[in-house]
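Please read the structure below before turning to the comments.
To find a chain, count down the sequence lines: A is the first, B the second, and so on, and within it residues start at 1.
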Amino acid sequence: MITYAFLQNYWWFLIALLGGLLVFLLFVQGGNALIFLAGRDEAERQLIVNSTGRKWELTFTTLVTFGGAFFASFPLFYSTSFGGAYWVWVLILITFVLQAVSYEFQSKAGNILGKRTFRIFLTLNGCLAPLLIGTAVGTFFTGSAFIVDKGAVGDIAAPVISRWANNWHGLEAVANPFNVEFGVMVLLLTISLGALYLINNIDDDKLAAQLRRSLLISFPLFLVAFVAVVAQIVTMDGFAVDAAGEVFMQEGKYLNNLVEMPAVLTLFLAGAVLVVVGIAATLLRKGFRRGIWLAGPGTVFAVMALFMVVGYNNTAYYPSTADLASSLTLANSSSSEFTLRTMAVVSLMIPFVVAYIAYFWRQMDRKSLTSEELEKGEKY
Amino acid sequence: MVETALVDWSRLQFALTAGYHWLFVPLTLGLAVIMATMETIYVATGDEFWKRTTKFWMKLFAINFAVGIATGIILEFEFGTNWSNYSWFVGDIFGAPLAIEGIFAFFIEATFFAVMFFGWERVSKRFHLASTWLTGIGAALSAVWILIANSWMQHPVGMEFNPDTVRHEMVDFWALVLNPVAISKFFHSVFSGWMTGSIFVIGISSWYLLKGRERRFALASIRVAAIVGIIGTIAVMFSGDSSGIHAAKYQPMKLAAAEGLEDGGTRAPFSIVPGVEIPGMLSALATHDIDGYVPGINDILDGYTTPDGEYHPSAEEKMARGKLALEAFSDYRELKDSDPAAAAEARATLDQNIEYFGYGYIESRDELVPPVPLIYWAFRVMVGLGGFLLMLMFFVLWAERRRRIENMRWLLWVALLSIPLVYIAGQAGWIVAEVGRQPWTIEGLLPVKAAVSSVSVAAVKTTFWLFVAIFTLFLAIEIRILFKAIKHGPNVDND
């Protein structure tokens, strides 16, 4: 029986899936963070830019689709968070805007700002986007300061449904160390994924050695951040929802969620293990280039599990610290049953879309990228 | 009180983003068809000349494509950042096409763009050709969904207001998709992209001919582009005609403002420019009947009855009923738990007046009139340029077929100088569509002042100027790179 509640959960599953895919695909950003760190000379930097440059639109499109899907399924999040945490989202968007033009412009004659500036834009997006997105997702655990009053629509003078409770409009998220740690963790993960992707995608021994060396730094740091973040998640109080829809603070809520939802726990552990194995195997075995195909799916699983921890099992996924009752839950922020049902039919196309993307990915990447190809063929 | 300055700056920011976005998108839509046609000729004939020709236009396509994407992402998220109330109030309907756009269209564009651009040596010839077409089809499909969303704002259909959730909820998905306004708007916008692509290609090719360079390439490009452009422009004319009919039916104020028609009636005249009128022409255009009734601005404000007896209330009456609806809404919310009987009564009042809900926020009848001179002139610029460009395309095609074009240097100059004109026409069109909808975000349901996010004016001003700086810089860079690439010429595949 497909009930309204089932549809809300199903759509949260899709949001989790898109979120997971997005963080995986942020390997593009991670790779760009390494343009100047791992790429020692022009040839190497050009290889990195062209390697991530053949995938960046997928990441970008996944971000846009993630936004669109969130809008369609949980519009109250869209209106509350984007309109409220204004500065965070605007900053994230600006870094993506800079990125979008930089590939095409960087090596073209007449680009005014010069190659180096555009590569700095790519690096900037590579570092800031994962950091800021991670910090924003951190607030799913720690809460944000906003007030939702749907009845305000009847107030002619001030018909404002969602109102941010401070003038920082999202920037205040950095005042909470957990959010920042979450952001740093995502950044270090994406940098590691970026290195794995580049090792897999580019055929260049010298560059591969430098990328492996970068993993020696990013991986241990990621592990530290990961352990710190997970330790806090399993010990912190969480935002729980009772049967009447009232939100209250519950001790060890997120740990409870993991325990009470063994499938989610398994998904999370499987994801974490795959990420660690993917990176460790790359570091330990010299000729091993397929780390991204372990750590990538691992990232998808782990991120999905985290979304499920904040959304499922009577939890408020976007809690308000200013007014607990304003916190967003799957039930109070979703679209109507009709819309969710209609969109559920649309979502049946997603496997088909994923399949053709995977097919063309394979077609395009059968041969690894080399400097020779860049000399002869099309390039950024 | 929602500050006027906040509403104005938020509108300005959205207009800026949309306006810039529409500088890049039409070329994507049109050039995609032109270069896919060229590649088809290459695959059919095996002539390497056509491959080089395709690749040159593809290079210009790619330079332009990126900026379109960059401005597009801002546009999507601005619904949330700057129109937060809107996002909840109608998100149940509006979010769906945006999500579908991502799932169905953007991934096609993203996937096949990469194959098209980098796949020349990696996939087979036919496969590559399919990718080029699919990139264009993906672009057109993106247009389908965003225009369905936009058309819903012009003519909302397929929804019901739910006072418990405080939003309009979708009840009929197909009404949304098959909205007549959406169908005309799709063809009008996409085919105007064909016009843009065509004039762009003809103009640049003309420059090569003026310079005595790339003769074969230029003539071949002109031929393909002119044919695509003529098909596109004729389709733009027909879809424009039905857009006019829709405006008359669903947005009479927009039509009256676009015509500067103070007082309407039957046999309404069409104003070519102030003082020059064709009697009965507006009635003919708006209703396809020379005796058709077209209300003017004053008629709409004062209320009118059409000859077939349909009554349209005055502004004051609508505002009063809107206030009733808003009060009933608040009463219903207050009473629904304590006094079900009174709540049911409030609900009934709300339902009776829901049609005018948005008018409850309107304080004076003047607010209901969009800025007439801007729309009036934008409309004339759009139609005038469209007609001129169609004639130009026919003339260019004729001159090319007669092998005379190279000797008609004035024509080549006119073609080159027409490139900015096609962009002006496109911008003017969106001004008519969007400014003409004012004061509404969603026609009749939600005025802009009740749709805006609660952020400070200073914040919106800051992001506005930030976007001005970024977009303008990108536009300048794009134009400069295009100039360099064009100067460099099509003979070289890489640089």
_Need one label for Glu57(A): side chain, backbone, both or neither, based on atoms under 4.5 Å from any heavy atom in chain B._
both
*Is it the backbone or the side chain of Ser333(A) that comes under 4.5 Å from a heavy atom of chain B, or both, or neither?*
backbone
*Interchain contact, Phe146(A) with chain B, by part (heavy-atom threshold 4.5 Å)*: neither
*Tell me, side chain or backbone of Val64(A) under 4.5 Å from chain B's heavy atoms, or both, or neither?*
both
_At a 4.5 Å cut-off on heavy atoms, which part of Ser347(A) comes close to chain B: side chain, backbone, both, or neither?_
neither
_chain B contact via Gln99(A) - which portion, at a heavy-atom distance below 4.5 Å_ = neither
*In terms of heavy-atom proximity below 4.5 Å to chain B, should Leu63(A) be classed as side chain, backbone, both, or neither?*
both
*Segment of Leu369(A) engaging chain B (4.5 angstrom heavy-atom cut-off)*: both
*Flag if over 12 foreign heavy atoms under 6.0 Å of NZ, Lys484(B)*: no
*Portion of Val90(A) that has a non-hydrogen atom of chain B nearer than 4.5 angstrom*: side chain
*Look at the rings of His169(A) and Trp164(A) and say which category their plane angle falls in: under 30° parallel, 30 to 60° tilted, over 60° perpendicular.*
parallel
*asked:* Heavy-atom cut-off 4.5 Å, strictly under: side chain, backbone, both or neither for Trp87(A) against chain B?
replied: side chain
_Side chain, backbone, both or neither of Met349(A) within contact of chain B (heavy atoms, under 4.5 Å)_ = side chain
*asked:* Counting only non-hydrogen atoms closer than 4.5 Å, does Leu98(A) touch chain B with its backbone (N, CA, C, O), its side chain (CB onward), both, or neither?
replied: both
*With a 4.5 Å cut-off on heavy-atom pairs, point out which of Gly67(A), Ser162(A), Pro159(A) contacts chain B the most.*
Pro159(A)
